[in-house]
Number of protein chains: 2
Amino acid sequence: MEILRSTKSHPTADWIYDQARKVLPSISLGTVYRNLAILKEDGQIMELSYGSTYSRYDGNPENHYHFVCLKCGRVEDVDIPVRGELEREVEKTGVGDVYYHRLEFYGLCAHCRSSRTDKPGGAGEDSR
Amino acid sequence: MEILRSTKSHPTADWIYDQARKVLPSISLGTVYRNLAILKEDGQIMELSYGSTYSRYDGNPENHYHFVCLKCGRVEDVDIPVRGELEREVEKTGVGDVYYHRLEFYGLCAHCRSSRTDKPGGAGEDSR
DNA sequence: CTTAAAATCAATAATAGTTATCAATCTAGT
DNA sequence: ACTAGATTGATAACTATTATTGATTTTAAG
Ligand SMILES: [Mn+2]
Ligand SMILES: [Mn+2]
Ligand SMILES: [Zn+2]
Ligand SMILES: [Zn+2]
């Protein structure tokens, strides 16, 4: 939980595992997954699963939106207000009861946009 | 492509495979996946990946929103207009260039809401 | 302090959707 | 008919996640 709260990077289970080993050298990946599942169940964290094969985790359990860079894979928080009114609008269509919604934006991050000088090995911070 | 266009159910690769076998009995699952990847690459279809472990496919390549039932897993189209202005709003925050966005609503579908008489085996149409 | 039950853990096996591989078959173009 | 290239079915490989297991640690009595 401390590791997850200490970063803004929406890390993968593997990255969290690496960080955890720095302080608990003998911890196993299974324990990381087990505790992430418990924290998620308890509503303290969020699991983000996009098209990728792996999940990312978010220490902020409040609903907020994300920007995913199509080039480097970075996931960043988007600083616009949550549109609660959309949920009511959807309910009016009669499709069912809406409990929550999820919104993601995809594109080219500011970091990748500026470094047009495609230097190799640029796969982002703790992407993998 | 015809199979995918003929349903509104956002099916899984497996369901498409079953349908395809009805007309091409010897087709393999690999061919289904290969052709889905080609169609997706070509922008003719969309791949929808939610929290689930498997992907669903959508014969409508135009951006539109979805409602996912937390109980039966059904995925339905949501009939509200696409909010293009959100992309511009996000770009103003300086996070990067936004190419597209994806929005999903989660809740209890009208079908599940009415059948309060929890009859077992109610896992939805072609969910799995 | 002793001891037995409960909780937690690391290590490892199992799962499952998806991809990659490859020899066989099909398709055009000549 | 001949041949190069594309497509296919069968099957193996991959990988993130989950389940299992046996051992260690923690907890709470007696
Ligand atoms: Mn976030
Ligand atoms: Mn759709
Ligand atoms: Zn980027
Ligand atoms: Zn439902």
Side-chain angles (χ1 to χ4, degrees), chain A residues 1-4 7 9-59 66 68 70 72-75 102 104 123-128, chain B residues 1-4 7 9-42 44-59 66 68 70 72-75 104 123-128:
Chain A
M1 189 68 229
E2 281 168 31
I3 291 170
L4 201 43
T7 180
S9 74
H10 308 89
T12 62
D14 237 54
W15 184 87
I16 295 168
Y17 174 48
D18 284 342
Q19 298 302 309
R21 269 199 292 189
K22 289 180 183 171
V23 57
L24 264 53
S26 76
I27 197 173
S28 78
L29 183 56
T31 299
V32 171
Y33 272 112
R34 185 165 357 97
N35 289 356
L36 285 172
I38 291 169
L39 289 169
K40 178 187 166 192
E41 182 84 15
D42 197 45
Q44 294 188 250
I45 67 172
M46 271 200 303
E47 180 180 359
L48 312 174
S49 30
Y50 306 118
S52 349
T53 51
Y54 48 87
S55 286
R56 288 171 171 276
Y57 294 86
D58 192 330
H66 290 106
V68 181
L70 294 169
C72 70
R74 206 183 303 251
V75 176
R102 171 167 289 185
E104 289 117 32
E125 292 336 28
D126 37 64
S127 49
R128 80 173 23 213
Chain B
M1 189 69 229
E2 282 168 32
I3 291 171
L4 201 43
T7 180
S9 73
H10 309 88
T12 63
D14 238 53
W15 184 86
I16 295 168
Y17 174 48
D18 285 341
Q19 299 301 309
R21 269 199 293 189
K22 289 180 182 169
V23 56
L24 263 53
S26 77
I27 197 173
S28 77
L29 183 56
T31 299
V32 171
Y33 272 111
R34 186 161 356 97
N35 289 355
L36 284 171
I38 291 169
L39 290 169
K40 178 188 166 190
E41 182 84 14
D42 197 45
Q44 295 190 249
I45 68 172
M46 273 200 302
E47 181 180 359
L48 312 174
S49 32
Y50 305 118
S52 349
T53 52
Y54 48 86
S55 286
R56 290 171 170 276
Y57 293 87
D58 192 330
H66 291 106
V68 181
L70 295 169
C72 71
R74 205 183 304 249
V75 176
E104 291 117 32
E125 295 333 28
D126 39 62
S127 49
R128 73 173 34 208

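These values consider heavy atoms only, across backbone and side chains, with no hydrogens, waters or symmetry-generated copies. A, B, ... follow the sequence lines: proteins, then strands. Residue 1 opens every chain.
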Between dT18(C) (P) and I16(B) (CD1): distance, integer Å: 10 Å
Y54(B) has a side chain; which of dG9(D), dG17(C), dT17(D) sits nearest to it? dG17(C)
Send over the distance from I27(B) CD1 to dT8(D) C1', rounded to a whole Å. 9 Å
Ring of Y17(A), cation from R21(A) - is the NZ or CZ under 6.0 Å from the centre and inside 45° of the axis? yes
Given atom CG of D14(B) and atom C1' of dG17(C), what is their separation to the nearest angstrom? 9 Å
Of dT18(C), dT17(D), dA10(C), the nucleotide closest to the side chain of S28(A) is dA10(C)
Identified side chain to side chain contact (heavy atoms under 4.5 Å, CB included) counterpart of Y57(B) within the set L39(B), L4(B), V32(B): L4(B)
Closest heavy-atom pair and its distance - L29(B), A13(B): CD1-O, 4.3 Å
Rounded distance (Å) that lies between atom C1' of dT18(C) and atom CZ of R56(B): 16 Å
Nearest to the side chain of R34(A) - dT18(C), dA10(C), dA16(D)? dA10(C)
Output the rounded distance in Å from CD (E47(B)) to P (dT18(C)). 7 Å
Of the listed nucleotides dA16(D), dC9(C), dT18(C), the one nearest the side chain of Y33(A): dA16(D)
Euclidean distance, atom CG of residue L29(B) to atom P of dT11(D) [Å, nearest integer]: 13 Å
Salt-bridge contact E104(B)-R102(A) (side-chain N to carboxylate O under 4.0 Å): no
Take atom CG of L48(B) and atom P of dT18(C), then tell me their distance rounded to the nearest Å. 12 Å
Does T12(A) make a side-chain N or O approach to OP1 or OP2 of dA16(D) shorter than 4.0 Å? no
Between N35(B) and dT7(D), does any side-chain N or O lie under 4.0 Å from OP1 or OP2? no
Rounded distance (Å) that lies between atom P of dG9(D) and atom OH of Y17(B): 9 Å
Nearest-nucleotide check on DNA chain C, T53(B) vs G30(B); residue mapping nearer the 5' end is T53(B)
For S55(B) and E47(B), work out which heavy atoms get closest and say how close. OG-OE2, 2.6 Å
Given dT18(C), dT8(D), dC9(C), identify the nucleotide with an atom nearest to the side chain of T31(B). dT8(D)
